[in-house]
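Everything on this sheet refers to the single structure shown next.
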Amino acid sequence: MIRAVKGTRDILPPATDLWNRVEQQARAVFHSYNYHEIRTPIFEETLLFTRGVGEDTDIVTKEMYTFTDRDGSSLTLRPECTASVMRAVVEHRLDQQAGQLKLYYMGPMFRRERPQKGRFRQFYQIGAEAIGSEAPAVDAEMVEVAAEVLRSAGLSDFQLLINSVGCPECRPKFVSGLQARLRAVAASLCSDCRRRVETNPLRVLDCKVPGDQPVIDRLPSILDCLCAACRDHFDAVLALITDRGIAFELRPRLVRGLDYYMRTTFEITHGALGAQNSVLGGGRYDGLAQALGSKVRLPGIGFSIGEDRLLMTLQEQAGSAAQEGPDLFIAPLGEEAFRAAARLALGLRRAGVSVEMALDARLKRSLEVANKLRARYALILGADEMAAGNYQLKDLITGDQQTVSRDELFERLRARHAG
RNA sequence: GUGGGUGUAGCUCAGCCGGUAGAGCGCUGGAUUGUGGUUCCAGUGGUCGAGGGUUCGAAUCCCUCCACCCACCCCA
């Protein structure tokens, strides 16, 4: 038997309704902030990601789906979308347009990791990018949009974590200073952290091993080492977020794994997720455009929602929903009635009503199916109704049944649809 | 890449000490004529993840492999 490949999965009907709802609501929120959708290719030149995401990141060193095209060029399935968006912006000079450049996207990303709860090799992200300004107001709005998208999806009880990781001026100084301190105390750290001291010193700050906490607590915080410009920027961002009434938690140890992040970084977590508890991650990337070869400086900030994880928590919050049934199930009795029913169904469908038709001529069976499909109403059309020019409309919840004319039928179902 | 757990019907699972498979749900049909949901009756359904070994006999014991899940790592 052929199965979906490891780390990929089918998203099936009852769930797809929820996915679509979440995506529609996200679009509505984005539009309310004047964001517009961008769709970039699912694969790009490998160089885009090695330069954009960073040569030494986990994503680039071990997680990319890279293949050689027939002409010998190296292509990669996108592991994230920010680099692609920036590439498109630079390529099409979208930054030349009036006003802020505000874009959103949604779609699948690919990373070859070992799957586990909340982690897939093909996963879906909903993200936004605001490009062209480094004003703290943009950061604040971005954080607000992120929270609003989650809220509109119905997510509650999430936590916003925020930090500043500095800039190319102050971060390297902090990292090398931190590394020096860590090397001195490496012996008292866990084995993972001893390795991190060399590979990813910032990550040590986020270690959860209890024995390491006393050491970690005495390490310097990046927030105490920001340069004046970064400090001012971050203070302004925090002030604006506070002013907007957004609850957040300052997390000086919050680390982002992608090289392009600088200054503001943030993350939203939810308790119902398991080890991979982050539903959203984001941050500022003022150096990305130039890393990709842009001659002009294009500061930007964005975030990305892990849609799979968002849906996972929503489903845990609400339980599994039953599939939504059609508005109307038509049960015609006999050949002639069937043809008349098909014509009626077309009219109703054009009016926006969801209609299903019976394939079985037995009324008992038809109503049984109507009930199983969770149809709201059943319409009976037999010889009697054909002769009289009307229909029997049965309410499948109350069991009430009444004779209705064509106009009354449309009236009833339109009302149902509007409500 | 490294650990740990689990693999029996479409789904959720029982089957502990070896004697060639069960339940609930689902699905199909029926309880007469053009009326669903509840109920009752019947039926459908599984090379017990795969291969090998021990044994008169293996879903059950042993080995190997595979798949999925969870965790590490890292991230969305």
Side-chain angles (χ1 to χ4, degrees), chain A residues 1 3-9 12 53 57-63 79-82 106-127 146 150 190-193 195-196 199-200 202-203 206-209 254-258 261 265-270 273-283 302-313 320 325 329 331-334 337 358 360-386 392-401:
Chain A
M1 191 168 88
R3 308 165 47 102
V5 310
K6 186 197 284 290
T8 72
R9 60 194 181 134
L12 303 170
V53 177
T57 59
D58 277 22
I59 290 176
V60 169
T61 55
K62 51 189 191 196
E63 295 173 3
E80 58 106 48
C81 211
T82 301
M106 46 185 73
M109 309 295 158
F110 307 85
R111 291 183 202 170
R112 200 184 182 293
E113 296 181 271
R114 191 75 173 265
Q116 72 182 74
K117 185 170 187 180
R119 192 164 74 184
F120 309 94
R121 290 183 173 182
Q122 174 172 337
F123 60 102
Y124 296 80
Q125 289 191 332
I126 298 175
L150 295 181
C190 69
S191 58
D192 280 333
C193 282
R195 180 177 43 74
R196 287 170 182 145
T199 60
N200 187 359
L202 287 175
R203 182 66 178 74
D206 207 26
C207 179
K208 281 128 199 151
V209 176
L254 179 67
V255 187
R256 304 271 77 207
L258 285 67
Y261 284 122
T265 59
F266 56 102
E267 180 169 322
I268 292 179
T269 61
H270 194 281
L273 273 168
Q276 310 301 319
N277 69 346
S278 166
V279 263
L280 177 151
F303 69 82
S304 194
I305 292 168
E307 195 176 357
D308 309 76
R309 292 179 185 177
L310 172 57
L311 269 288
M312 206 176 279
T313 61
S320 56
F329 188 95
L333 304 170
D360 197 299
R362 294 168 302 170
L363 180 59
K364 178 182 166 58
R365 176 65 182 151
S366 293
L367 289 176
E368 231 172 84
V369 172
N371 189 57
K372 279 177 188 162
L373 290 180
R374 308 173 66 87
R376 182 64 183 80
Y377 293 98
L379 187 85
I380 298 161
L381 178 56
D384 297 350
E385 290 76 22
M386 292 288 284
Q392 291 296 315
L393 183 65
K394 180 168 183 127
D395 184 319
L396 290 175
I397 291 174
T398 64
D400 290 344
Q401 181 172 320

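In what follows, chains carry the letters A, B, and so on, assigned in the order in which the sequence lines appear, proteins first and then strands, with residues in each chain numbered from 1. Nothing here was measured: the structure is a model prediction, and the numbers come from that model.
- Comparing B/A23 with B/C61, their P atoms are spaced 23 Å from each other, to the whole Å.
- With P as the reference atom, B/G52 and B/A59 are 13 Å apart, rounded to whole Å.
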Pair A/Arg121-A/Val5, side-chain contact (heavy atoms from CB on, under 4.5 Å): steps then yes or no: CA-CA 9 Å; A/Arg121 290 183 173 182; A/Val5 310; over 6 Å; no

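- A 4.5 Å side-chain heavy-atom check between A/Arg309 and A/Phe123 finds every atom pair outside the cut-off.
- Under the 4.5 Å side-chain criterion, counting only non-hydrogen atoms from C-beta, A/Arg9 is in contact with A/Asp308.
- Picking from B/C68, B/C75, B/C74 the nucleotide with the shortest atom distance to the side chain of A/Glu113 gives B/C74.
- Nucleotide B/A67 forms a Watson-Crick or G-U wobble pair with B/U6, both donor-acceptor distances falling under 3.5 Å.
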Strictly under 4.0 angstrom, non-hydrogen atoms only: write out the protein contact profile of nucleotides 39-44 of chain B, one letter per nucleotide from the 5' end, B, S or -. ------

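- Taking CD1 of A/Ile380 as the reference point, atom CG of A/Leu363 lies at 5.0 Å (rounded to 0.5 Å).
- Nucleotides B/U60 and B/G53 are separated by 15 Å at their C1' atoms, to the nearest Å.
- Shortest non-hydrogen contact noted between A/Gly7 and A/Pro115 is CA-CG, 3.8 Å.
- Nucleotide B/C74: unpaired (no Watson-Crick or G-U wobble partner with both distances less than 3.5 Å).
- Pair check for B/U28 finds B/A42; Watson-Crick or G-U wobble, both atom distances under 3.5 Å.
- Among the heavy atoms of the strands lying under 4.0 Å from A/Phe120 is at least one base atom, whether or not backbone atoms are also near.
- In terms of phosphate contacts, A/Lys117 brings no side-chain nitrogen or oxygen within less than 4.0 Å of OP1 or OP2 of B/A71.
- Side-chain contact between A/Lys117 and A/Met312: present, with at least one pair of heavy atoms (C-beta onward) separated by less than 4.5 Å.
- In this entry the distance linking CD1 of A/Ile268 with P of B/A76 reads 13 Å, nearest Å.
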Do any N or O atoms of the protein come closer than 3.5 Å to N or O atoms of nucleotides 33-36 of chain B, and which pairs are they?
from: B/G34; atom 1: O6; to: A/Asp384; atom 2: N; distance (Å): 3.0
from: B/G34; atom 1: O6; to: A/Asp384; atom 2: OD1; distance (Å): 3.3
from: B/G34; atom 1: O6; to: A/Asp384; atom 2: OD2; distance (Å): 3.0
from: B/G34; atom 1: N1; to: A/Glu385; atom 2: OE1; distance (Å): 3.0
from: B/G34; atom 1: N1; to: A/Glu385; atom 2: OE2; distance (Å): 3.2
from: B/G34; atom 1: N2; to: A/Glu385; atom 2: OE2; distance (Å): 3.1
from: B/U35; atom 1: O2; to: A/Lys394; atom 2: NZ; distance (Å): 3.0
from: B/U35; atom 1: O2; to: A/Gln401; atom 2: OE1; distance (Å): 3.1
from: B/U35; atom 1: N3; to: A/Gln401; atom 2: OE1; distance (Å): 2.8
from: B/U35; atom 1: N3; to: A/Gln401; atom 2: NE2; distance (Å): 3.2
from: B/U35; atom 1: O4; to: A/Gln401; atom 2: NE2; distance (Å): 2.8
from: B/G36; atom 1: N7; to: A/Lys394; atom 2: NZ; distance (Å): 3.3
from: B/G36; atom 1: N1; to: A/Leu396; atom 2: O; distance (Å): 2.7
from: B/G36; atom 1: N2; to: A/Asn371; atom 2: OD1; distance (Å): 2.7
from: B/G36; atom 1: N2; to: A/Leu396; atom 2: O; distance (Å): 2.5
from: B/G36; atom 1: N3; to: A/Asn371; atom 2: OD1; distance (Å): 3.4

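- Counting non-hydrogen atoms of neighbouring residues, nucleotides and ligands closer than 6.0 angstrom, the CZ atom of A/Arg374 reaches no more than 12 such neighbours.
- In this structure, A/Leu258 places its CG atom 8 Å from C1' of B/C75, rounding to the nearest Å.
- Within the nucleic acid shown, A/Arg3 comes within 4.0 Å of sugar-phosphate atoms alone, with no base atom in reach, counting heavy atoms only.
- On the C1' atoms, B/C27 is 9 Å away from B/G10, given to the nearest whole Å.
- Annotation: side chain of A/Leu150 is not in contact with side chain of A/His270 (no heavy-atom distance under 4.5 Å).
- Using P as the reference atom, B/A58 and B/G1 are 36 Å apart when rounded to the nearest Å.
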Decide yes or no on side-chain contact (heavy atoms from CB on, under 4.5 Å) for A/Gln392 and A/Leu381, but give the supporting numbers first. CA-CA 7 Å; A/Gln392 291 296 315; A/Leu381 178 56; over 6 Å; no

With B for base contact, S for sugar-phosphate-only contact and - for none (protein heavy atoms under 4.0 Å), nucleotides 2-13 of chain B reads BB----------

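- Straight-line distance from the CD1 atom of A/Ile305 to the P atom of B/A76: 12 Å, rounded to whole Å.
- Base pairing annotation: B/A21 forms no Watson-Crick or G-U wobble pair, as no partner gives both donor-acceptor distances under 3.5 Å.
- One interatomic measurement links the two molecules: CD of A/Glu63 to P of B/C75, which rounds to 8 Å at whole-angstrom precision.
- For A/Arg374 and B/G26, the CZ to C1' distance is 15 Å, given to the nearest whole Å.
- Residue contacts shown for A/Arg111 include a base, since a base heavy atom lies under 4.0 Å away.
- One donor-acceptor pair, N or O on each side, does fall under 3.5 Å between the base of B/C73 and the side chain of A/Arg119.
- For A/Tyr261 and A/Pro115, each mapped to the nucleotide of RNA chain B holding its nearest heavy atom, the one lying further toward the 5' end belongs to A/Pro115.
- Pairing partner, B/G37: none, since no Watson-Crick or wobble contact has both distances short of 3.5 Å.
- What separates CG of A/Leu373 from C1' of B/G37 is a distance of 13 Å, to the nearest Å.
- Of the side-chain N and O atoms in A/Arg376, none sit less than 4.0 angstrom from OP1 or OP2 of B/G37.
- Between A/Phe110 atom CZ and B/A76 atom C1' the separation is 14 Å, expressed in whole Å.
- Taking atom C1' on both nucleotides, B/G22 is separated from B/G46 by 11 Å, rounded to a whole Å.
- Residues A/Asp360 and A/Val369 fail the side-chain proximity criterion, which asks for heavy atoms closer than 4.5 Å.
- Each of B/C70, B/C68, B/A76 was ranked by its minimum atom distance to the side chain of A/Gln116; first place goes to B/C70.
- A/Phe329 has its side chain out of reach of A/Asn371: every pair of non-hydrogen atoms, C-beta onward, lies at least 4.5 Å apart.
- Note that CD of A/Glu113 is 3.5 Å distant from CD of A/Glu63, once rounded to the nearest 0.5 Å.
- With B/C69, B/G1, B/C72 as the choices, the nucleotide that has an atom nearest any side-chain atom of A/Ala275 turns out to be B/C72.
- Using a 4.5 Å heavy-atom threshold, the side chains of A/Leu379 and A/Lys394 count as separate.
- The partner of B/A59 is absent, by the rule that a Watson-Crick or G-U pair needs both atom distances under 3.5 Å.
- When the C1' atom is compared between B/A14 and B/U32, the two are found 40 Å apart, to the nearest whole Å.
- No side-chain donor-acceptor contact under 3.5 Å links A/Arg111 to the backbone of A/Ile59.
- The separation between A/Leu202 atom CG and B/C75 atom C1' is 15 Å, rounded to whole Å.
- Remark on RNA chain B: of its neighbouring residues A/Gly7 and A/Gly282, the 5'-side contact belongs to A/Gly7, judged by nearest-heavy-atom nucleotide.
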